[in-house]
Peer 1: 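Can you read through this structure? Questions will come right after.
All residue numbers in this chain count up from 1 along the given sequence.
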Amino acid sequence: MSKNAVQRPSGRGRFITFEGGEGTGKSTQIKKLADRLKAARMRILVTREPGGSPGAEIMRHLVLSGMGKLLGPEAETLLFAAARDDHVRTVIQPALNQGAWVLCDRFADSTRAYQGSLGSVPIGLINAMQRVTIGDLKPDLTIILDLPVEIGLQRAAVRRGTGAPDRFESEQLSFHHGLREAYRKIAAEEPKRCVLIDANSDPDTVADRVWTALRERLLPATASVISA
Ligand SMILES: Nc1ncnc2c1ncn2[C@@H]1O[C@H](COP(=O)(O)OP(=O)(O)OP(=O)(O)O)[C@@H](O)[C@H]1O
Ligand SMILES: [Mg+2]
C-alpha cells in the first residue's frame with residue numbers, strides 16, 4: 001500500500017477532485033475515469049464547479065458571464081462560496097453518504113488559485129468561506145493537471161470554435177502563468193491529498209497516469225474492484 005493511501009470508514013464513498021488551468025483536460029479526464037470506474041461496477045457521480053446543483057448553476061452563469069467580476073473580487077468569492085455551499089449540501093455530501101464515488105470538476109483549490117493567488121482576496125476570507133461551505137469535507141484525492149499555459153489556451157480555443165471566451169479564459173497570459181504556478185504550489189504544499197499529473201500527452205496516456213495515481217492513493221479501497 002502507498003504511504004499516502006487514504007483510510008476512510010468503509011460505508012462512505014470517495015471524493016476526488018480535478019483541478020488545473022483552462023484547457024488542461026479536466027473534463028476529458030473525468031469522463032475517462034468515470035467510464036473506467038463504471039465499467040468496474042462502481043457507483044459514480046460526476047459533477048462540476050461552479051455549479052453542480054440547480055441553485056449553484058444559476059450562480060455559475062452569473063460568475064462566468066463576467067457579472068461577478070463587476071462586483072469585485074471579494075463579492076465574486078462570496079458568489080462562489082454560496083454556490084459551493086448549495087452544491088456540497090444538496091449533491092456531494094448526500095452522494096458520499098450513500099457510498100458513491102464523487103468526481104468533481106474543480107473544487108476549493110480553484111478558489112484558492114483564482115481568487116486567492118490571482119484575485120488577491122485575503123486568505124483569511126477564503127479560509128473562513130471554506131470553513132462555512134465545506135467544513136471537514138476534504139477531497140480524498142485531488143488530481144492537478146499540469147500543462148504549459150499556451151497549450152492549454154490553444155486547446156480551449158479549438159474547443160470554443162467561434163464562441164466568445166468566458167470570464168477567465170479572457171484574462172491576460174500572465175494570469176494563466178500565475179494560475180499554473182498557484183496549482184503547482186498547492187500540489188507541493190499538500191502532497192498527501194494532491195497529485196500533480198503531466199497533462200502534456202495524448203488523452204489516453206494522461207488517463208493512464210490518473211489511473212495509476214488513483215490506484216496508488218486510494219488503495220486498499222479500490223484493490224478488489226479495480227485491479228486491472
Ligand atoms: N491530452 C489532450 N491532448 C489534446 N487535446 C486534448 C487533450 N485533453 C483534452 N483535449 C482537448 O482540449 C480541449 C479542452 O479539454 P477539456 O475541456 O477537457 O479541458 P478542461 O480542463 O475541462 O477545460 P476548462 O478549464 O475550459 O473547463 C477539448 O477540446 C479536448 O478535446
Ligand atoms: Mg472543463
Peer 1: If Ile, Leu, Val, Met, Phe, Trp and Tyr residues are connected whenever their side-chain heavy atoms lie under 4.5 Å apart, and connections chain through other members, are Val132 and Leu125 in the same group?
Peer 2: no
Peer 1: So how far is it from Ile92 CD1 to Asp86 CG, rounded to the nearest 0.5 Å?
Peer 2: 10.5 Å
Peer 1: Is there side-chain contact between Glu19 and Ser110, with heavy atoms separated by less than 4.5 Å?
Peer 2: yes
Peer 1: Step by step, would you call Ile134 with Arg84 a side chain to side chain contact (heavy atoms under 4.5 Å, CB included)?
Peer 2: CA-CA 8 Å; Ile134 68 177; Arg84 179 161 303 137; 3.6 Å; yes
Peer 1: Side chain to side chain contact (heavy atoms under 4.5 Å, CB included) between Lys138 and Glu190: does it pass, once the steps are laid out?
Peer 2: CA-CA 12 Å; Lys138 224 170 140 178; Glu190 289 192 66; 3.7 Å; yes
Peer 1: Donor-acceptor pair, distance only, cut-off 3.5 Å: does the side chain of Lys38 make one with the backbone of Ile44?
Peer 2: no
Peer 1: Verify the cluster assignment for Leu118 and Ile144: are they in a single hydrophobic cluster under the rule of side-chain heavy atoms below 4.5 Å apart?
Peer 2: yes
Peer 1: With the side chain counted from C-beta on, respond yes when Asp109 and Phe18 share a heavy-atom pair under 4.5 Å apart, and no when they do not.
Peer 2: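 Heavy-atom side-chain distance check fails, nothing below 4.5 Å.
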Peer 1: Check the pair Gln29 / Ile143 against side chain to side chain contact (heavy atoms under 4.5 Å, CB included), numbers first and verdict last.
Peer 2: CA-CA 10 Å; Gln29 291 302 323; Ile143 301 286; over 6 Å; no
Peer 1: Starting from Ile58, can I reach Leu78 by hopping between I/L/V/M/F/W/Y residues whose side chains sit under 4.5 Å apart?
Peer 2: no
Peer 1: Hey, mind stepping through Ile197 and Val206 against side chain to side chain contact (heavy atoms under 4.5 Å, CB included) and telling me if it holds?
Peer 2: CA-CA 8 Å; Ile197 300 266; Val206 178; 4.2 Å; yes
Peer 1: I need the minimum non-hydrogen distance between Thr24 and Gly21, along with the two atoms involved.
Peer 2: OG1-O, 2.9 Å
Peer 1: Does the side chain of Val195 reach to within under 4.5 Å of the side chain of Arg217, using non-hydrogen atoms?
Peer 2: yes
Peer 1: May I ask you to test the Leu70-Glu76 pair for a side-chain heavy-atom distance under 4.5 Å?
Peer 2: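 Of all side-chain heavy-atom pairs linking Glu76 with Leu70, none is under 4.5 Å.
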Peer 1: Answer whether the closest heavy-atom distance between the side chains of Arg48 and Lys26 falls below 4.5 Å.
Peer 2: no
Peer 1: Give the intermediate values and the outcome of ring-ring contact (aromatic ring centres under 6.0 Å, His included) for residues Phe15 and Phe107.
Peer 2: CA-CA 11 Å; Phe15 184 32; Phe107 194 61; 5.0 Å; yes
Peer 1: At what distance, to the nearest 0.5 angstrom, does CD of Gln93 lie from CD of Gln98?
Peer 2: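 Rounded to the nearest 0.5 Å, the CD-CD separation comes out at 11.0 Å.
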Peer 1: Considering only residues two or more places apart or on different chains, which pairs with a residue in residues 119-128 satisfy salt bridge (charged side-chain N to carboxylate O under 4.0 Å, His left out)?
Peer 2: none
Peer 1: How long is the straight-line distance from CG of Leu71 back to OG1 of Thr77, given to the nearest 0.5 Å?
Peer 2: 11.0 Å
Peer 1: Could you state the interatomic distance from CD (Glu150) to NE2 (His176), rounded to the nearest 0.5 Å?
Peer 2: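 Answer rounded to 0.5 Å: 10.5 Å.
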Peer 1: Assess whether a salt bridge exists between Asp204 and Lys32, defined as any Lys/Arg side-chain N lying under 4.0 Å from an Asp/Glu carboxylate O.
Peer 2: yes
Peer 1: If you define the side chain from C-beta out and look only at heavy atoms, does anything of Pro50 sit under 4.5 Å from Met59?
Peer 2: no
Peer 1: So how far is it from Met129 CE to Thr111 OG1, rounded to the nearest 0.5 Å?
Peer 2: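 If we round to the nearest 0.5 Å, Met129:CE and Thr111:OG1 are 11.0 Å apart.
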Peer 1: Please confirm whether the backbone N or O of Arg12 pairs with a side-chain atom of Arg14, one donor and one acceptor, at under 3.5 Å?
Peer 2: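 Side chain of Arg14 to backbone of Arg12, a donor-acceptor pair under 3.5 Å: yes, one is there.
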Peer 1: If you compare all heavy atoms of Ala81 against all heavy atoms of Thr133, which two are closest, and at what distance to 0.1 Å?
Peer 2: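 Here Ala81 and Thr133 meet closest at O-CG2, 3.1 Å.
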Peer 1: Testing the basics here: between Cys104 and Ile30, what is the closest heavy-atom pair and its distance to 0.1 Å?
Peer 2: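 Closest heavy-atom pair between Cys104 and Ile30: C-CD1, 3.7 Å.
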Peer 1: Do the side chain of Arg209 and the main chain of Asp198 share a donor and acceptor less than 3.5 angstrom apart?
Peer 2: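 Answer holds: yes.
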Peer 1: Which atoms form the tightest heavy-atom contact between Leu147 and Gly23, and what is the distance?
Peer 2: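 Scanning both residues completely, I find the closest heavy atoms to be CD2-O, 3.8 Å.
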Peer 1: Tell me whether Ile126 shares a hydrophobic cluster with Phe80, the cluster being built from Ile, Leu, Val, Met, Phe, Trp, Tyr side chains joined at under 4.5 Å.
Peer 2: no
Peer 1: Identify the heavy atoms of Val102 and Ala95 that sit nearest to each other, and give their distance.
Peer 2: CG2-CB, 3.8 Å
Peer 1: Give every residue pair that meets the salt bridge (charged side-chain N to carboxylate O under 4.0 Å, His left out) criterion with at least one member in residues 61-74, sequence neighbours excluded.
Peer 2: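 Applying salt bridge (charged side-chain N to carboxylate O under 4.0 Å, His left out) to every pair that reaches into residues 61-74, excluding sequence neighbours, yields Lys69-Glu171.
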Peer 1: Can you hop from Leu153 to Phe175 via hydrophobic side chains spaced under 4.5 Å?
Peer 2: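 No, no single cluster joins them.
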Peer 1: Surrounding NE2 of His177 (heavy atoms of other residues, nucleotides or ligands, distance under 6.0 Å), is the total greater than 12?
Peer 2: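 Check passes, neighbour count above 12.
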Peer 1: Hey, does the side chain of Glu57 reach the backbone of Gly52 with a donor-acceptor pair shorter than 3.5 angstrom?
Peer 2: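 Judged by distance alone, yes, a pair lies under 3.5 Å.
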Peer 1: Is Ile186 close to Arg193 at the side-chain level, that is, under 4.5 Å between some pair of heavy atoms?
Peer 2: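 They are in side-chain contact.
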Peer 1: How far apart are the closest heavy atoms of Asp166 and Leu64, and which atoms are they?
Peer 2: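 Looking at all heavy atoms of both residues, the shortest contact is CB-O, 4.1 Å.
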Peer 1: Rounded to the nearest 0.5 Å, what separation is found between the OG1 atom of Thr28 and the CG atom of Asp105?
Peer 2: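 Spacing of OG1 (Thr28) from CG (Asp105) equals 9.5 Å.
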Peer 1: Under 4.5 Å between any side-chain heavy atoms of Arg106 and Tyr114, yes or no?
Peer 2: yes
